[in-house]
Amino acid sequence: MWSAPSETSCATLCPVHSETPEHADQTGGWRGAFGTVRLAVALVWSAGSREMLLSLALTIFGAVLTGAELLIGRELVDLVVDGDGVTAADLAPWLVLLGLALVATSLANAATAELRVLLSELVQRRAVDELLAVSTAVELEAFEDPAFHDRIRLAREHSDSYAFQVVWGLVTLMTTAFSALVILLVLLGVAPLLVPVVLLAFVPIAVVNSRNTRALYRMHYSLAELDRDRTYHERLLTDRLEAREVRAFGLERWLRSRHDDLFDERVRNTRQVVTRRAVRALTGSSITAIILVASLAVVMLMAVDGRLSVGDAAVAVVALQQLASRLRSSGAAQESLIQGVTYLRDFESLRSLRPVSPRDAPPVR
């Protein structure tokens, strides 16, 4: 019933991915990132189009509110700086508007966060629907194939852990993109000369995100075979039937040692990749910080020389700070999508196994 573990048996019993490191190079970087985003959009749209449209509407609304807050803040600063003849009655309307904008922004952010949770459930439901459609439509003999059984099992496991990552990354990317666009438009109105400098500041982190994304892909696919072998040993030691035979042959110590060696190798590889990614991130962030600080210095000098009002200077400073924050958020969202790529690819692979039949149309919602 049980045979000693080997590369052949592991590849047969635990197939996870058929892609190669060369494929990882092709799908890494910006092209791979856009491909992942496109696949995520298609998946989330098929799972909950209404919720996705509502999330998009709230995202645009929140971005407009961000721009409104900056402009209201500029008016308040200008009123305070002018000083002469300014009364509380003059400030009150702008303060009320600012308060309403802040409350509306908080509500939009809270609603978007809750929609993420709902969309995650819908995406997971969609994956389970596809899994059940495949498992009930294929011939019964397919279940005798260990490869098919493992693909079903892995797809089910991944739907739990990666559905939220996919939705979180996608919604966060949308929010960040629209907010950054509105902030750039505001900055273009108050200090247009700073816009090219700000765009230049985006380049280092954009390059770092692209290279770190490729490194994540390479690590993911280079460890696929090792993970299959490690998972095979883990199953032998933990599953009821296999563990019984392992104990009967006295192989538990050897298998445990082999499992630990494979895990150690994974940790070593991960540590190397993480270190390189951290160095790149630190370098890109440092260059961006230098450019942004130089931009702030230019804003201050323009305000001192009178070429920029104090209100415009304040808006420019806040806009630069918010753009830096949005850029960091976009990097985190992109990585969340990349980490969810396993689920996305397995979902597509599983869906391709479903026999084409008019009876297998997805249920109407």
Side-chain angles (χ1 to χ4, degrees), residues 30 59-60 62-84 86 91 94-95 97-99 101-102 104-106 108-109 172-212 277-335:
W30 287 111
T59 295
I60 297 174
V64 172
L65 287 175
T66 299
E69 291 169 8
L70 290 174
L71 296 177
I72 293 171
R74 179 181 65 176
E75 294 298 327
L76 284 172
V77 172
D78 285 339
L79 284 173
V80 172
V81 171
D82 290 342
D84 297 336
V86 177
L91 295 175
W94 295 105
L95 289 173
L97 283 176
L98 181 60
L102 291 173
T105 301
S106 299
N109 291 337
T172 303
L173 273 182
M174 292 192 304
T175 304
T176 301
F178 282 109
S179 297
L181 178 60
V182 170
I183 293 172
L184 280 174
L185 291 176
V186 172
L187 194 59
L188 189 63
V190 300
L193 293 178
L194 289 179
V195 173
V197 180
V198 170
L199 294 176
L200 178 64
F202 285 178
V203 173
I205 291 186
V207 172
V208 167
N209 283 341
S210 177
R211 297 196 64 180
N212 278 352
R277 281 163 50 89
V279 170
R280 288 196 199 103
L282 178 61
T283 303
S285 298
S286 299
I287 297 174
T288 297
I290 292 173
I291 296 175
L292 290 177
V293 169
S295 302
L296 290 176
V298 172
V299 169
M300 298 302 177
L301 290 175
M302 293 175 67
V304 170
D305 293 343
R307 290 178 291 173
L308 200 65
S309 69
V310 175
D312 288 344
V315 168
V317 170
V318 175
L320 289 173
Q321 186 272 333
Q322 291 200 11
L323 280 172
S325 175
R326 297 301 191 278
L327 186 59
R328 289 191 295 269
S329 298
S330 67
Q334 182 181 345
E335 291 207 1

| Of the options Leu98, Leu102, Val315, Val77, which is the one that meets Ile72 in a side-chain contact (heavy atoms from CB on, under 4.5 Å)? | Leu98
| What residue pairs, at least two apart or across chains, pass side chain to side chain donor-acceptor pair (under 3.5 Å) with a residue in residues 283-293? | none
| query | Can you tell me how far the CG atom of Asn212 sits from the CZ atom of Arg280, to the nearest 0.5 Å? | reply | 5.5 Å
| request: Check whether any side-chain heavy atom of Ile291 sits under 4.5 Å from a side-chain heavy atom of Leu200, and report yes or no. | output: yes
Please tabulate, for side-chain N and O atoms in residues 62-71, each donor-acceptor pair with protein atoms closer than 3.5 Å (sequence neighbours left out).
unit_1: Thr66; atom_1: OG1; unit_2: Gly62; atom_2: O; d: 3.0
unit_1: Glu69; atom_1: OE2; unit_2: Thr105; atom_2: OG1; d: 2.6

| How many angstroms lie between CG in Leu301 and CG in Leu296, if you round to the nearest 0.5 Å? | 11.0 Å
Side-chain donor-acceptor contacts of residues 176-189 below 3.5 Å, not counting sequence neighbours, with atom names and distances?
unit_1: Thr176; atom_1: OG1; unit_2: Thr172; atom_2: O; d: 2.8
unit_1: Ser179; atom_1: OG; unit_2: Thr175; atom_2: O; d: 2.9

| said: In the structure I gave you, are the side-chain heavy atoms of Val317 and Met300 within less than 4.5 Å of one another anywhere? | reply: yes
| said: Can you give me the closest heavy-atom contact between Ile287 and Pro204, atom names plus distance? | reply: CG2-CG, 3.5 Å
